[in-house]
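Worksheet: one structure, shown below.
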Amino acid sequence: MLDFPIAELITPEEQVAVARAVAIMASRDNQVSDSEKHFVEELMGQMMLLPEERDLVRREFSTPTDLRQVAITVQHREARLFLFYQAVCAALADNKLVDGEVDALLSLAETFGFRADHAKSFIRWVHDSLELRDRGQQLLVEM
């Protein structure tokens with residue numbers, strides 16, 4: 001898992017754009033699950049977004065903006081890496097990755113100038129990391 005000191009690396013405007021893009025990503029399969037909503041809510045809490053900013057983000061669930069249009073406003077490399085990581089996690093929040101989500105992630109990677117093969121490897125790494133975490137948590141429950 002990646003830990004980012006968000007407030008030190010990402011401007012407040014970029015934080016809102018990151019949260020909006022993650023919400024858009026969660027809506028890519030035309031069905032926002034409770035786990036995806038929860039993921040976005042936790043992210044907004046982690047970034048300490050203001051109530052009006054949170055409302056803006058939540059609107060992306062029902063009427064999503066173009067992902068690339070929002071993502072292009074994120075300029076700093078660290079913010080782009082953070083956004084890509086969070087977008088992958090959001091896509092996997094419901095434990096499935098559908099074609100529309102993969103396409104959106106690869107489009108996001110292209111927007112940021114990430115190589116497609118690196119993006120695909122990163123997506124697999126995040127998926128594997130989350131799967132290992134879940135298996136470890138299950139083992140702890142069973143012990």
What closest approach, in Å, do [X] and [Y] show between heavy atoms, and which atom pair accounts for it?
| X | Y | result |
| --- | --- | --- |
| V126 | C89 | CG1-SG, 3.9 Å |
| A21 | L67 | O-CD1, 3.6 Å |
| V16 | V57 | O-CG2, 4.3 Å |
| A17 | V74 | CB-CG2, 3.7 Å |
| V40 | A23 | CG2-CA, 4.0 Å |
| A90 | V22 | CB-CG1, 3.5 Å |

Next on the checklist: Which residues pass the salt bridge (charged side-chain N to carboxylate O under 4.0 Å, His left out) test with E60, not counting sequence neighbours?
Outcome noted: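 Per chain and number, E60 pairs via salt bridge (charged side-chain N to carboxylate O under 4.0 Å, His left out) with R20.
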Checklist entry - For F112, which residues count as a ring pair (Phe, Tyr, Trp, His ring centres under 6.0 Å) partner, sequence neighbours excluded? => result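 Checked F112 against ring pair (Phe, Tyr, Trp, His ring centres under 6.0 Å); matches are F114.
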Checklist entry - Is there a side-chain contact (heavy atoms from CB on, under 4.5 Å) between R133 and L130 once you walk through the steps? => result CA-CA 5 Å; R133 183 198 65 193; L130 294 173; 3.7 Å; yes
Distance, nearest 0.5 Å, that separates [atom1] of [X] from [atom2] of [Y]:
| X | Y | atom1 | atom2 | value |
| --- | --- | --- | --- | --- |
| D66 | S107 | CG | OG | 7.5 Å |
| D128 | I123 | CG | CD1 | 12.0 Å |
| L50 | R54 | CG | CZ | 8.5 Å |
| L43 | L49 | CG | CG | 7.5 Å |

Next on the checklist: Going by ring-ring contact (aromatic ring centres under 6.0 Å, His included), name the pairs with one or both residues in residues 16-36, residues two or more places apart or in two chains.
Outcome noted: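 Counting only pairs at least two positions apart or across chains, no ring-ring contact (aromatic ring centres under 6.0 Å, His included) contact touches residues 16-36.
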Side-chain donor-acceptor pairs of residues 136-143 under 3.5 Å, sequence neighbours excluded:
residue, atom, partner, partner atom, Å
Q138, NE2, E142, OE2, 2.9

Next on the checklist: Are V98 and V32 linked, directly or through intermediate hydrophobic residues, by side-chain heavy-atom contacts shorter than 4.5 Å (ILVMFWY only)?
Outcome noted: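 No: no chain of side-chain contacts under 4.5 Å links V32 to V98.
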Item to check | Same apolar cluster: L83 and M48, side chain cutoff 4.5 Å | outcome: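 No: no chain of side-chain contacts under 4.5 Å links L83 to M48.
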Checklist entry - Is any side-chain heavy atom of K120 closer than 4.5 Å to a side-chain heavy atom of L106? => result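 K120 reaches L106 side chain to side chain.
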Item to check | Residue list, side-chain contact (heavy atoms from CB on, under 4.5 Å) with R77, at least two apart or on another chain | outcome: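 L81.
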Is a side-chain donor or acceptor of [X] paired with a backbone partner of [Y] at a separation under 3.5 angstrom?
| X | Y | result |
| --- | --- | --- |
| E14 | H76 | yes |
| S35 | A93 | yes |
| S121 | D117 | yes |
| Q75 | I72 | yes |

Next on the checklist: Between L97 and H127, does the side-chain contact (heavy atoms from CB on, under 4.5 Å) criterion hold? Intermediate values first, please.
Outcome noted: CA-CA 9 Å; L97 194 60; H127 177 269; 5.9 Å; no
Checklist entry - Should the pair F122 and F84 be assigned to parallel (<30°), tilted (30 to 60°) or perpendicular (>60°) ring geometry? => result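 Tilted: the ring planes of F122 and F84 meet at 30° to 60°.
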Checklist entry - Does CG belonging to D34 count more than 12 external heavy atoms closer than 6.0 Å? => result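 For D34, atom CG is not crowded (no more than 12 foreign heavy atoms under 6.0 Å).
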Checklist entry - Are E101 and K96 close enough for a salt bridge, meaning some N to O gap below 4.0 Å? => result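 No, this pair does not count.
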Item to check | Under 4.5 Å side-chain linkage, directly or through intermediates, the cluster mates of L132 | outcome: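 Result for L132 is none, singleton.
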Item to check | Positive for salt bridge (Lys or Arg N to Asp or Glu O under 4.0 Å) with R58, one of E52, E41, E36, E53 | outcome: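 With R58 as partner, salt bridge (Lys or Arg N to Asp or Glu O under 4.0 Å) holds for just one option, E41.
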Item to check | Verdict with reasoning, F39 to M25, per side-chain contact (heavy atoms from CB on, under 4.5 Å) | outcome: CA-CA 11 Å; F39 181 84; M25 189 65 227; over 6 Å; no
